[in-house]
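Below: one structure, written as structure tokens.
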Amino acid sequence: MTTTTTPATGSTETAIPSTMRAVVVHGPEDYRLDTVPVPTPGPGELLLKVDAVGVCASDLKCYHGAAKFWGDENRPAWAERDRIAGHEFVGTVVQGDTTALTRRGVDLGDRIACEQIVPCGDCRYCLMGAYWMCAPHDMFGFKGFDGAMAEYVLVPTRALTHPVSRDLAPHVAAFAEPLSCAMHAVERGDIHFDDVVVIAGAGPIGLGAIAGTRQKNPRLVIALDMSDDKLALARQAGADLTINITTDDAVQKIKDLTDGYGADVYIEATGHPSAVSQGLNLLRKLGTYVEYSVFGSNASVDWSIISDDKELNVLGAHLGPHCWPAAIKLLESGTLPMDQICTHQFPLDRFQDALDLVADSEGGSVKVSIVPTLTHPTTSTAIRD
């Protein structure tokens, strides 16, 4: 691999390869490890050497061709071919001009995380301050900009960045993205001190929602899952009570705990259609339902529960706006069991194994990441009670 030592104007000279390995999206179920040029930052842009990139359930659903990404009779395709995958990432600043470094308050060698969305700044939503709902909706790894399943990633001028401590392991630092998303779901729930809050799912988003809800200190935090191991991890993340839905009737148990009324807030973080009706049934009247998941198939429910029966507040949640600093602070505090949440790390050339492990519900993973500098897979501390 040839190298060049011609960084962007204003930066300290650093040897940068001319080519790199990257996971390129050629279409559904056709992701390939290709050799591509290393991007060259223009005015106001940065180049990061990728420290780690998380593998998200949405990456998997895009890989498998879900309509949300590739379109159907109701919507056009959103994801793009020939795009480098990966949107949950942190990296080290290795190149950039003085303007870019100064504007972002960073130096060469600093670590930053990028928000997954790259807002346009001009659409109706951006102008009203709702940048995370940007109309063009360019997003690293999916549309508009290449992602970080690669050795290097370009940070465009419109990207939103946050400093992250270099004391964190790379795969832990990359967890800032799913944790910020989970915290946004918590914010949408408008949780109060006397609330009973139920989180469905103890995967990465669910665990983040449990941790975020714990910061709100409601009366009771209840986690639901099908795995006893993940429920044990949920308790370590802050759940007061856990229910295995394969052995217990979660709806009845929660009603028994609340004098027959039901929970105040339900946060859905499984992406399974059955979790939708479960949430509607276990909420009290005038309760709040927060939907975060990306679904691989349609969910059908009796909408009269929402209206005539209970007059529920049903809210969506998307990305992690305004929650990144809090998420990073929580990670840097060391209070979460990250050695057990970040269970598996893979090198770039094993990206397919990483995707397959995320897809395997019996595979024993919680959070799977790709670390480009690795030469072989690693496994963090096993889940334990």
Side-chain angles (χ1 to χ4, degrees), residues 51-57 59-60 88-90 113 164-183 185-186 197-215 221-246 267 269-271 292-293 320 326-347 350 353-371 374 376-385:
D51 293 339
V53 54
V55 181
C56 178
D59 290 317
L60 186 68
E88 300 182 0
F89 65 92
V90 293
V164 185
S165 171
R166 298 202 64 83
D167 293 335
L168 293 176
H171 53 280
V172 173
F175 196 73
E177 194 274 355
L179 184 54
S180 68
C181 291
M183 285 185 157
V186 171
V197 182
V198 177
I199 295 95
I205 296 296
L207 290 168
I210 291 164
T213 301
R214 182 75 279 153
Q215 301 295 304
V221 181
I222 302 173
L224 311 181
D225 203 276
M226 301 172 67
S227 164
D228 286 335
D229 286 339
K230 288 184 177 178
L231 289 172
L233 192 49
R235 289 192 289 273
Q236 294 188 60
D240 299 304
L241 175 68
T242 59
I243 301 173
N244 188 319
I245 62 170
T246 66
I267 299 174
T270 72
Y292 192 86
S293 296
I328 292 168
K329 181 180 179 181
L330 186 57
L331 289 175
E332 292 174 346
S333 74
T335 58
L336 296 180
M338 296 308 301
D339 61 332
Q340 297 172 69
I341 293 174
C342 295
T343 52
H344 296 78
Q345 297 84 49
F346 288 86
R350 298 285 295 275
D353 292 334
L355 285 168
D356 292 344
L357 182 57
V358 174
D360 182 5
S361 60
E362 303 297 325
S365 69
V366 181
K367 186 61 191 178
V368 176
S369 303
I370 293 172
V371 180
L374 284 181
H376 57 84
T378 61
T379 303
S380 299
T381 306
I383 299 173
R384 61 179 184 272
D385 198 346

Can you tell me how far [atom2] of [Y] sits from [atom1] of [X], rounded to the nearest 0.5 angstrom?
X: Asp353; Y: Phe346; atom1: CG; atom2: CZ; value: 5.5 Å
X: Lys367; Y: Cys56; atom1: NZ; atom2: SG; value: 5.5 Å
X: Ser333; Y: Ile328; atom1: OG; atom2: CD1; value: 12.5 Å
X: Ile370; Y: His171; atom1: CD1; atom2: NE2; value: 13.5 Å
X: Asp339; Y: Leu336; atom1: CG; atom2: CG; value: 10.5 Å
X: Leu179; Y: Met338; atom1: CG; atom2: CE; value: 7.5 Å

What residues, two or more places apart in sequence or in another chain, satisfy side chain to side chain donor-acceptor pair (under 3.5 Å) together with [X]?
X: Ser293; value: Glu268
X: Thr378; value: Gln345
X: Asp356; value: Gln352
X: Ser369; value: none

_Does Val366 form a side-chain contact (heavy atoms from CB on, under 4.5 Å) with Gln340? I'd like the steps, not just the answer._
CA-CA 8 Å; Val366 181; Gln340 297 172 69; over 6 Å; no

Got a sec, which residues hit side chain to side chain contact (heavy atoms under 4.5 Å, CB included) with [X], two or more places apart in sequence or on another chain?
X: Ala182; value: Ile205, Ala209
X: Ala326; value: Met183
X: Ala237; value: Leu207, Ile210
X: Ser227; value: Asp225, Asp229, Lys230

_Go through it in stages, so that I can follow the logic: the residues are Leu355 and Val55, the test is side-chain contact (heavy atoms from CB on, under 4.5 Å), and I'd like the CA-CA distance, side-chain angles, deciding distance and then a yes or no._
CA-CA 7 Å; Leu355 285 168; Val55 181; 3.9 Å; yes

_Any salt bridge linking Asp240 with Arg214? Criterion: basic side-chain nitrogen under 4.0 Å from a carboxylate oxygen._
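Arg214 and Asp240: salt-bridged.
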
Any [X] side-chain heavy atom under 4.5 Å of [Y] side chain:
X: Leu224; Y: Ile199; answer: no
X: Ile222; Y: Val197; answer: no
X: Glu332; Y: Asp167; answer: no
X: Pro377; Y: Pro347; answer: yes

*asked:* Using the salt bridge (Lys or Arg N to Asp or Glu O under 4.0 Å) criterion, which residues pair with Asp228? Sequence neighbours excluded.
replied: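 Salt bridge (Lys or Arg N to Asp or Glu O under 4.0 Å) check on Asp228 returns nothing, list empty.
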
*Any residue meeting salt bridge (Lys or Arg N to Asp or Glu O under 4.0 Å) with Asp59, in chain and number order, not counting sequence neighbours*: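 So Asp59 forms no salt bridge (Lys or Arg N to Asp or Glu O under 4.0 Å) with any residue.
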
*asked:* Once ring pair (Phe, Tyr, Trp, His ring centres under 6.0 Å) is applied, do any residues pair with Phe89, and if so which ones, sequence neighbours excluded?
replied: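 So Phe89 forms a ring pair (Phe, Tyr, Trp, His ring centres under 6.0 Å) with Phe140.
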
Shortest non-hydrogen contact from [X] toward [Y]:
X: Val90; Y: Ala113; result: CG1-CB, 3.7 Å
X: Pro337; Y: Leu233; result: CG-CD1, 3.8 Å
X: Thr242; Y: Ala234; result: CG2-CB, 4.3 Å
X: Ala174; Y: Ala52; result: CB-O, 3.9 Å

*Val164 and Leu331: side-chain contact (heavy atoms from CB on, under 4.5 Å), yes or no, with the steps?*
CA-CA 9 Å; Val164 185; Leu331 289 175; over 6 Å; no

*Apply side-chain contact (heavy atoms from CB on, under 4.5 Å) to the pair Asp51 and Arg166, showing each step before the final yes or no.*
CA-CA 10 Å; Asp51 293 339; Arg166 298 202 64 83; 4.1 Å; yes

